[in-house]
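This report refers to the structure that appears directly beneath it.
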Amino acid sequence: MSATQITVLGLETSCDETAAAIVRLTPDSGRASGLRGDIISNVVLSQIDVHAPYGGVVPELAARAHIDHLDRMVAEALAKAGCKLQDMDAIAATAGPGLIGGVLIGLTMGKALALASGAPFYGINHLEGHALTARLTHNVAFPYLLLLVSGGHCQLCRVDGVGDYTLVGTTRDDAVGEAFDKAAKLLGLGYPGGPEIEARAERGDAYRFALPRPLIGQNDSGCDFSFSGLKTALRQRAIELQPIGETDICDLAAGFQAAIADCLVDRCRIAINDFDMSASDGGRLVVAGGVAANQYLRQALDEVTRAAGFSLTVPPPALCTDNGAMIAWAGAERLHAGNTPDSALAAPARARWPLSDDAFKSA
Ligand code: KG4
Ligand code: ZN
C-alpha cells in the first residue's frame with residue numbers, strides 16, 4: 001500500500017494490563033521485513049496488586065480497573081508522544097480473545113476514538129499482536145515459527161504473513177503461565193507465579209524429584225502440550241513432604257521448571273524439524289508471551305534452536321507481556337497490508353478467537 005509512514009494508537013485491555021501506545025511504521029526496503037517500527041509511546045498499568053490477594057486474575061475486578069484507568073492511559077500515551085488524536089492514521093484495539101468485560105471496555109473506547117477522529121478502526125486479535133511483535137522489535141521477515149507462552153495461551157504456530165497463521169500445536173489443558181501460577185500457589189508462593197518459581201529454582205536441585213514430562217515420546221501428540229499431569233505430580237510431592245521447608249520448595253520449583261523446559265524444547269524441536277525452511281534460508285523461532293521472560297527457558301530454547309541452526313528471537317520482556325504497542329503495531333501492519341478496516345460500529349468482541357480462525361479475514 002502506501003509508501004508513507006503510518007502512525008497508530010493501540011489499546012489493550014483483554015486481561016490484567018490497561019495499556020495504550022502509539023507506534024509508527026515506516027516502509028524501509030533496506031530491512032528484512034521491509035518495514036521499520038518505532039514505539040513513540042507505550043504506557044502500561046499492571047493490575048497485579050489488585051489480583052495478587054486472590055492468586056489469579058478476577059475478571060470483574062479487572063474490568064472495573066480498566067474503566068477507571070483507560071481514559072488516563074490514552075491521554076498519557078498521546079501526551080508522551082506529543083501527538084493529537086487527529087494525527088493518528090488508524091486506531092486499533094484488542095477485540096479478543098480474553099476476559100470479555102475488559103475486551104468490551106477497550107474495544108468500545110477504540111471505536112469511540114475512531115468515530116470521533118474519523119480514523120479507520122482495526123479490532124485486533126490479541127494473539128496476532130503477540131505474533132507480530134518481533135517484526136516491530138527485530139525487523140523479522142516472514143515466515144517464522146512462533147511459540148506463544150503466556151498466562152492464557154500456549155501454542156506453536158507458523159506465521160506466513162499478516163493474517164496468515166497456521167496452528168502447529170496447542171495445550172490440551174493449562175497454558176504454561178497458568179501452570180506456573182498454579183504451581184506457585186500450591187507451594188505457597190506469590191502471584192504471578194512464574195517469577196516466583198524462577199527465583200526459587202535458581203537455588204534448587206532440579207534432579208531431586210523425578211517429575212513427569214507429559215506427551216514427550218507419545219507419537220500421536222504432534223506438537224501439543226499438556227501440563228496438568230505435571231501439576232498433579234508436583235502437588236503429590238508437596239503433600240508427601242509436609243511440613244514443607246524452603247529447600248523442598250526450591251527443589252520442587254527447580255524440578256518443575258526443568259520439566260516445563262523439557263516439554264517446550266521437545267515440542268519446538270519437532271516443529272523446527274517439520275518447518276520447510278532450513279537455517280540458511282532464515283529459519284527462525286520467535287518466542288512471545290509473559291513466560292518468555294524466564295531466563296532458564298530461554299537458555300533451553302536457545303540451545304534447541306542453535307542445534308537446528310535456527311535463529312531465536314525473543315522481544316524484550318516489556319513487549320513479551322501484554323502491552324498496547326503490539327496492538328498498535330498489528331493495526332499498522334494491517335493498514336500497510338491494505339486490509340479493509342473493521343466497522344467502528346459493528347466489530348464484535350470475542351471471548352474466544354483462535355489465531356488461525358478463518359473468521360479472521362471477515363472480522
Ligand atoms: O503475557 P502475559 O503478561 O499475560 C497473559 O497471560 O496474556 O503473561 C503472564 C504470565 C503469568 O502466568 C506469569 O506467571 C508468566 O507469564 N511469567 C513467567 C515469568 N514471568 C511471567 N513464567 C515463568 N517465568 C517467568 N519469569
Ligand atoms: Zn497476552
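Side chains are part of it too, since the values below use all heavy atoms of this structure and drop only hydrogens, waters and symmetry mates. Residue indices begin at 1 and follow the sequence shown. Start at 1 and go down the list; that is how both ligands and their atoms are numbered.
Of all atoms in ligand 1, numbered sequentially from 1 with element shown, those under 4.0 Å from a heavy atom of Thr321 are 1 (O), 3 (O). If you number the atoms of ligand 1 from 1 as listed, the ones under 4.0 Å from a heavy atom of Gly152 come out as 6 (O). Below 4.0 Å from some heavy atom of Pro192 lie the following atoms of ligand 1, by number and element: 13 (C), 14 (O). Proximity to Gly193 (heavy-atom distance under 4.0 Å) selects the following atoms of ligand 1: 14 (O).
Classification of Asp28 and Arg36 as a salt-bridged pair fails, no side-chain N sitting under 4.0 Å from a carboxylate O. Ion pair Asp224/Arg172 flagged as a salt bridge, since at least one NZ, NE, NH1 or NH2 atom sits closer than 4.0 Å to an Asp/Glu carboxylate oxygen. A salt bridge links Arg306 with Asp302: the closest approach of a Lys/Arg side-chain nitrogen to an acidic carboxylate oxygen falls below 4.0 angstrom. Ion pairing between a basic and an acidic side chain is recognised when a charged N comes within 4.0 Å of a carboxylate O; Asp248 and Arg237 show no such pairing. Using a 4.0 Å cut-off between charged nitrogen and carboxylate oxygen, Asp174 and Lys182 count as a salt-bridge pair.
Checked by distance only, ligand 1 and Phe180 stay at 3.5 Å or farther apart across all their nitrogen or oxygen atoms. Polar contact check, Gly289 against ligand 1: no nitrogen or oxygen pair lies under 3.5 Å apart. Any N or O atom pair closer than 3.5 Å counts here, and Asn294 shares at least one such pair with ligand 1. For ligand 1, the polar-atom distance check against His130 finds no nitrogen or oxygen pair separated by under 3.5 Å. Residue Gly151 has at least one N or O atom closer than 3.5 Å to an N or O atom of ligand 1.
For atom 7 (O) of ligand 1, the closest non-hydrogen atom on the protein side is Asp322 OD2, 3.1 Å. In this structure, atom 17 (N) of ligand 1 lies nearest to the protein heavy atom Gly290 O, 3.7 Å. The nearest heavy-atom contact from the protein to atom 25 (C) of ligand 1 is Gly194 C, 3.6 Å. The nearest heavy-atom contact from the protein to atom 15 (C) of ligand 1 is Val291 CG2, 3.9 Å. Nearest protein heavy-atom neighbour of atom 19 (C) of ligand 1: Pro195 CD, 3.7 Å. Looking from atom 26 (N) of ligand 1 to the surrounding protein, the closest heavy atom is Glu198 OE1, 2.8 Å.
The residue from Asp89, Asp38, Thr7 that alone fulfils the side-chain hydrogen bond (donor to acceptor under 3.5 Å, both in side chains) condition with Arg24 is Thr7.
The cluster map of Ile, Leu, Val, Met, Phe, Trp and Tyr, joined by side-chain heavy atoms under 4.5 Å apart, puts Ile249 and Leu211 in the same cluster.
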Chi angles and distances behind the side-chain hydrogen bond (donor to acceptor under 3.5 Å, both in side chains) call for Arg135, Ser33
CA-CA 7 Å; Arg135 290 170 54 76; Ser33 61; 4.9 Å; no
What verdict does the ring-ring contact (aromatic ring centres under 6.0 Å, His included) test give for Tyr191 and Tyr54, after you've listed the backbone C-alpha separation in whole Å, the side-chain angles of each residue and the deciding distance to 0.1 Å?
CA-CA 9 Å; Tyr191 172 84; Tyr54 306 93; over 10 Å; no
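Excluding water, every protein N/O/S atom under 2.8 Å from the Zn ion (ligand 2) is given here by residue and atom: His126 NE2, His130 NE2, Asp322 OD1.
Counted by atom type alone, Glu128 and Tyr165 present one or more donor-acceptor pairs between their side chains at under 3.5 Å. With 3.5 Å as the limit, one finds no donor-acceptor pair spanning the side chains of Thr313 and His138.
Around atom CG of Asp220, more than 12 heavy atoms belonging to other residues, nucleotides or ligands sit under 6.0 Å away. Within 6.0 Å of the CZ atom in Arg213, the count of heavy atoms belonging to other residues, nucleotides or ligands exceeds 12.
If you look at Asp181 next to ligand 1, the close heavy atoms, those under 4.0 Å, all belong to the side chain.
Residue pairs meeting the side chain to side chain donor-acceptor pair (under 3.5 Å) criterion with at least one partner in residues 108-117, sequence neighbours excluded, are absent.
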